[in-house]
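As the structure is a computational prediction, the values presented were derived from the model and not from experiment.
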Amino acid sequence: MGKGRKQQTAVWMVFLQGLLAALGIYLGGQLLLALLLVKGTLPERGAFPAVAVLCGLSVACGGLLTVRRSPWGTLPAGLLTAGLFAGVLLVVGLSCWESITWLGRGGILLLCALAGGALAGLLGGRRKRGGRRKRK
């Protein structure tokens, strides 16, 4: 094992990993929310706000993963992850339902996804490298 540089992951792979992490968190959270609804712990009127918060938080987690590993800037990386996530939501929504009310709940979920990506871009600043100091 030489002292060579680490092989960097391809940029598309970084975004794919962030997207898959966001989708995994979102689907796991949906299962948990369904369990809470069936058990009666979460009232029915609180289902959509919980889904909206889950959407934003899952994109923020996936976006933070992407932001930390992407060679691009923090905000573009977070927003691109959010755009990919919103695209997946859009494709799944259009394939399952004939129409989506954009001014209703469908548009709110997409805005929550974009807000989660922006949050990841703003919070996920790069760590500063601590250089070694010369001793006198």
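- Contact record, Leu65 with Ala21: CD2-CB, 4.0 Å, taken as the closest heavy-atom pair.
- At least one side-chain heavy atom of Leu89 sits under 4.5 Å from a side-chain heavy atom of Cys55.
- Taking every heavy atom of both residues into account, Val67 and Ala77 meet most closely at CG2-CB, 4.1 Å.
- Taking every heavy atom of both residues into account, Ala60 and Leu119 meet most closely at CB-CD2, 4.3 Å.
- Going from atom CE of Met13 over to atom CG of Leu20 covers 9.5 Å, rounded to the nearest 0.5 Å.
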- Verdict with supporting geometry, Leu54 and Leu33, side chain to side chain contact (heavy atoms under 4.5 Å, CB included): CA-CA 9 Å; Leu54 176 65; Leu33 285 176; 3.8 Å; yes
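- Across Cys61 and Ile25, no two heavy atoms sit closer than the pair CB-CD1, 3.6 Å.
- By the 4.5 Å heavy-atom criterion applied to side chains, Val51 and Tyr26 are counted as neighbours.
- Between Ala113 and Phe85, the shortest heavy-atom distance links the atoms CB-CD2, 3.9 Å.
- Considering CG of Leu80 and CZ of Phe15, their distance stands at 4.5 Å, rounded to 0.5 Å.
- In this structure, the side chain of Thr66 engages the main chain of Gly62 through a donor-acceptor pair within 3.5 Å.
- The only member of Val92, Val59, Val88 that meets side-chain contact (heavy atoms from CB on, under 4.5 Å) when paired with Leu23 is Val88.
- You'll find the side chain of Val53 reaches within 4.5 Å of the side chain of Leu57, heavy atoms only.
- For Thr74 (side chain) and Gly121 (main-chain N/O), a donor-acceptor pair under 3.5 Å exists by modelled atom type.
- In the hydrophobic clustering of ILVMFWY residues, with side-chain heavy atoms under 4.5 Å counting as a link, Leu109 and Leu42 come out together.
- Heavy-atom minimum distance, Leu123 versus Leu64: C-CD2, 4.3 Å.
- In this structure the side chain of Trp72 reaches within 4.5 angstrom of the side chain of Val11, judged on heavy atoms.
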- Message: Before you tell me yes or no, could you show the steps for Leu114 and Leu110 under side chain to side chain contact (heavy atoms under 4.5 Å, CB included), namely the whole-Å CA-CA distance, both residues' side-chain angles and the distance that decides it to 0.1 Å?
- Response: CA-CA 6 Å; Leu114 293 176; Leu110 294 179; 5.6 Å; no
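- Atoms OG and CD, from Ser58 and Gln30 in turn, are 8.5 Å apart once rounded to the nearest 0.5 Å.
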